[in-house]
Protein chains: 2
Amino acid sequence: MKQPTILDVAERAGVSKSLVSLVMREPERVSDASREAVLRAAQELGYRPNAVARSLVQRRTRVLGVVLSDLHNPFFADVADGIEEAAVERGYRAMLSSGFLEPKRERVAIETMLELRVDGLIMLGSMMKVAKIERMSNALPIALLGRHTRSKALDSVGVDDSAGARKAVDHLVSLGHEKIVHIHAGTAAGAPRRRSGYEKAMRRHGLEPRLVKGAYTESGGAAAMREILEGLDQPTAVFAPNDFAALGAMETIDAAGLDIPGDISLVGYDDLALAGLPRIALTTIGQPRADLGREAVHLLLERLDEGRETARHIVIPPTLVVRTTTAAPRP
Amino acid sequence: MKQPTILDVAERAGVSKSLVSLVMREPERVSDASREAVLRAAQELGYRPNAVARSLVQRRTRVLGVVLSDLHNPFFADVADGIEEAAVERGYRAMLSSGFLEPKRERVAIETMLELRVDGLIMLGSMMKVAKIERMSNALPIALLGRHTRSKALDSVGVDDSAGARKAVDHLVSLGHEKIVHIHAGTAAGAPRRRSGYEKAMRRHGLEPRLVKGAYTESGGAAAMREILEGLDQPTAVFAPNDFAALGAMETIDAAGLDIPGDISLVGYDDLALAGLPRIALTTIGQPRADLGREAVHLLLERLDEGRETARHIVIPPTLVVRTTTAAPRP
DNA sequence: GCGGCCACTTGGAACGTTCCAGGTTCGATG
DNA sequence: CATCGAACCTGGAACGTTCCAAGTGGCCGC
């Protein structure tokens with residue numbers, strides 16, 4: 001049951017522990033005979049280096065912590081995938097911690113990561129105040145993902161939500177829409193930029209922005225859509241703050257007996273996998289999700305392995321994905 | 001930049017390192033005066049216990065490793081959530097590692113977990129041979145999730161796929177269906193049991209099982225459905241091996257201009273979130289996913305904290321979720 | 001006023017590595 | 001044939017904790 005240590009291997013191979021250590025790390029620097037003896041002994045004993053002890057003396061764990069609010073959100077899952085992939089590629093591991101409805105649980109999760117001495121931290125969809133995060137960043141490098149900041153201490157990688165909203169509006173306008181409502185998600189992550197991008201794009205086209213308050217959820221989108229349908233001046237197109245909200249809106253429109261895109265065109269945001277299902281086929285704004293994760297890892301490693309000291313902020317442009325929920329308005 | 005250690009705190013508080021350690025672990029055993037002095041010093045220095053050092057001396061990390069094949073699969077995401085929740089509740093942390101298309105990457109991930117000396121391992125959707133897994137289990141307790149085994153060394157928690165299939169068949173038969181085809185997913189995890197459960201249930205109703213080979217994917221379901229529609233004796237109901245396959249079948253049926261459930265009733269398996277979307281509304285077999293995760297954690301902790309030595313295998317019964325893709329067949 | 005007990009505190013060993021300064025061996029070199 | 005350097009190897013210190021045996025006082029009871 002007890003796992004063999006480097007000393008057991010050294011004894012069996014008839015060499016010093018230091019040599020065993022060297023074989024494990026830089027085998028080419030050891031003579032053939034010793035290397036083979038050590039390797040054989042290790043094999044026979046089932047020796048496995050103890051990363052805990054190694055971390056203690058090296059004072060680095062080669063683990064990157066990732067705290068994210070919700071694994072169910074496929075957006076985060078994709079990003080997490082990119083993170084994991086990039087980390088492994090560079091000789092690091094990713095440790096995920098998820099599921100924060102309340103900020104308190106998030107704080108605990110972060111604290112735990114810090115106690116475990118992860119080498120860097122990626123925060124995904126966090127609502128925590130930037131100042132608070134900055135305070136932690138003297139202990140380790142932190143990258144904010146999917147969130148914008150001008151922080152001098154924190155790195156960030158985000159998508160240009162404003163540009164995404166513009167692409168949605170441009171698409172609808174090019175189809176001939178003029179009455180375009182935006183369901184906005186208040187102050188949720190990214191929502192203000194999507195909203196202001198929408199407003200700016202509308203004005204640029206000489207159109208009047210029309211806003212309805214909703215949320216990033218199916219039910220939030222459904223409720224907002226109900227409000228829109230109860231209004232007087234019916235729009236010909238709706239731009240939802242994300243795909244979930246668009247889905248909710250879609251249900252409400254269906255339930256009202258209206259046709260998409262015949263009566264109302266609908267645009268989402270995020271390009272979740274389900275947006276591509278034939279029965280949904282939602283026109284939406286796509287984001288290179290795995291790339292976001294990879295970029296975040298690279299930002300961290302630039303600090304860790306290359307010694308960068310100043311903050312970097314990366315912005316990735318989103319793309320328009322046209323499916324069948326948008327068409328020219330009825331004449 | 002350098003983090004303070006227990007010695008820094010001890011010096012500042014004017015006590016020994018042992019006392020600081022004690023305050024961190026069992027504050028009630030220390031005099032009020034000392035406790036406060038230590039706590040204040042720790043606070044002022046921003047001291048945070050080093051879990052790496054602690055793990056080394058205690059020879060346990062209080063980390064549970066979770067290797068899963070795919071985070072995108074919402075099933076795994078739900079299970080992972082249950083795992084994380086149960087772990088935190090019991091003073092452990094979960095470390096996720098995901099994304100294995102190839103067995104090789106899975107092996108590396110597991111090896112990494114072992115080097116990090118996680119206290120227990122949960123394997124989710126792994127295709128690795130049981131004998132191989134058993135060989136690792138003398139190093140640490142392992143729980144297999146979503147997979148059945150009679151192993152004497154490994155714990156497992158799974159759903160009763162056979163019973164799930166039976167519920168699907170019973171439901172369809174009670175609606176009046178007799179020509180019920182099952183798309184089976186070959187030897188993929190759980191698939192053989194779903195298939196044999198289907199076969200047994202059919203025979204019990206005096207009906208002839210009818211099988212078509214498919215897969216656990218959308219495209220696999222779509223292809224199988226095409227094969228079914230090209231056949232001579234059209235069924236009135238189709239039981240897919242999972243929701244993704246059902247979705248694929250649904251697309252094929254839609255494309256053929258047939259109505260669900262008018263022409264064909266359709267039952268999925270898994271009850272993914274998307275099965276509940278109004279536009280999909282798939283009748284399916286639901287599994288208490290988060291519970292699966294929680295159970296796996298409990299199994300591990302029974303060994304870790306309560307000293308259980310013999311294997312336990314838990315089977316959780318699934319439930320039928322009726323939506324709108326099933327109805328009585330046309331007379 | 002002394003023994004004993006209790007509450008509290010302490011120093012050193014241990015955990016399993018890596019790192020580093022220095023040691024050994026051996027063949028080549030002048 | 002002494003010296004040198006290269007190639008290879010070694011022992012001890014360090015990493016930051018926990019654990020444990022043992023120490024220190026103060027107070028109580030007789």
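Order of the sequence lines sets the chain letters (A, B, ...), proteins ahead of strands, with each chain counted from 1.
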Chemist: Going 5' to 3' along DNA chain D, between which two nucleotides do contacts with chain A fall, using a heavy-atom cut-off of 4.0 Å?
Modeler: D:dC8 to D:dG16
Chemist: Any non-hydrogen side-chain atom of B:Val63 less than 4.5 Å from a side-chain atom of B:Tyr92?
Modeler: no
Chemist: Which residue is it: A:Leu299, A:Val79, A:Val66? I am looking for the one with a side chain to side chain contact (heavy atoms under 4.5 Å, CB included) to A:Leu145.
Modeler: A:Val79
Chemist: Does any non-hydrogen side-chain atom of B:Leu140 lie less than 4.5 Å from one of B:Val118?
Modeler: yes
Chemist: Using every non-hydrogen atom in the two residues, find where B:Asp155 and B:His313 come nearest and quote the distance to one decimal.
Modeler: C-ND1, 4.3 Å
Chemist: Which residues pass the side chain to side chain donor-acceptor pair (under 3.5 Å) test with A:Asp119, not counting sequence neighbours?
Modeler: A:Thr61
Chemist: Go nucleotide by nucleotide along DNA chain C from the 5' end; which of A:Ser21 and B:Glu28 gets its closest nucleotide reached first?
Modeler: B:Glu28
Chemist: If you count the non-hydrogen atoms of other residues, nucleotides and ligands that lie under 6.0 Å from CD in A:Glu26, is the total more than 12?
Modeler: yes
Chemist: Atom CZ of A:Arg289 and atom CG of A:Asp78: how far apart are they, to the nearest 0.5 Å?
Modeler: 4.5 Å
Chemist: In terms of side-chain geometry, is the basic nitrogen of B:Arg90 or B:Glu306 positioned less than 4.0 Å from the acidic oxygen of its partner?
Modeler: yes
Chemist: When you measure from every atom of DNA chain C, which of residues 45-60 of chain B have a heavy atom less than 4.0 Å away?
Modeler: B:Leu56, B:Val57, B:Arg59
Chemist: Go through A:Asn50 and B:Glu115 one step at a time and tell me if the side chain to side chain donor-acceptor pair (under 3.5 Å) criterion holds.
Modeler: CA-CA 5 Å; A:Asn50 184 328; B:Glu115 289 189 6; over 6 Å; no
Chemist: To the nearest 0.5 Å, what is the distance between CE (A:Met95) and CG (A:Leu116)?
Modeler: 5.0 Å
Chemist: Are any of the side-chain nitrogens in B:Glu309 or B:Arg303 under 4.0 Å away from the carboxylate oxygens of its partner?
Modeler: no
Chemist: Sort me out a list of protein N/O and nucleotides 21-23 of chain C N/O pairs below 3.5 Å, or just none if empty.
Modeler:
none

Chemist: Could you grab the distance from atom OG of B:Ser98 to atom CD of A:Glu84, nearest 0.5 Å is fine?
Modeler: 4.5 Å
Chemist: When you check the gap from the basic side-chain N to the acidic O, do A:Lys17 and A:Asp8 get nearer than 4.0 Å?
Modeler: no
Chemist: Would you call B:Leu64 and B:Leu121 a side-chain contact if the rule is heavy atoms closer than 4.5 Å?
Modeler: no
Chemist: Send over the distance from A:Met24 CE to C:dC19 C1', rounded to a whole Å.
Modeler: 17 Å
Chemist: When you look for runs of 3 or more Watson-Crick or G-U pairs in a row, both distances below 3.5 Å, which of them include DNA chain D?
Modeler: C:1-30 with D:1-30
Chemist: Report yes or no: do A:Ser21 and A:Arg25 form a side-chain donor-acceptor pair below 3.5 Å?
Modeler: yes
Chemist: Could you go through nucleotides 9-11 of chain C and list every protein N or O atom that sits under 3.5 Å from one of its N or O atoms, giving the distance for each pair?
Modeler:
| residue | atom | partner | partner atom | Å |
| --- | --- | --- | --- | --- |
| C:dT9 | OP1 | B:Ser31 | OG | 3.0 |
| C:dT9 | OP1 | B:Ser34 | OG | 2.2 |
| C:dT9 | OP2 | B:Ser31 | N | 3.3 |
| C:dT10 | OP2 | B:Ser16 | N | 2.9 |
| C:dT10 | OP2 | B:Ser16 | OG | 3.0 |
| C:dG11 | N7 | B:Ser18 | OG | 3.0 |
| C:dG11 | O6 | B:Ser18 | OG | 2.5 |

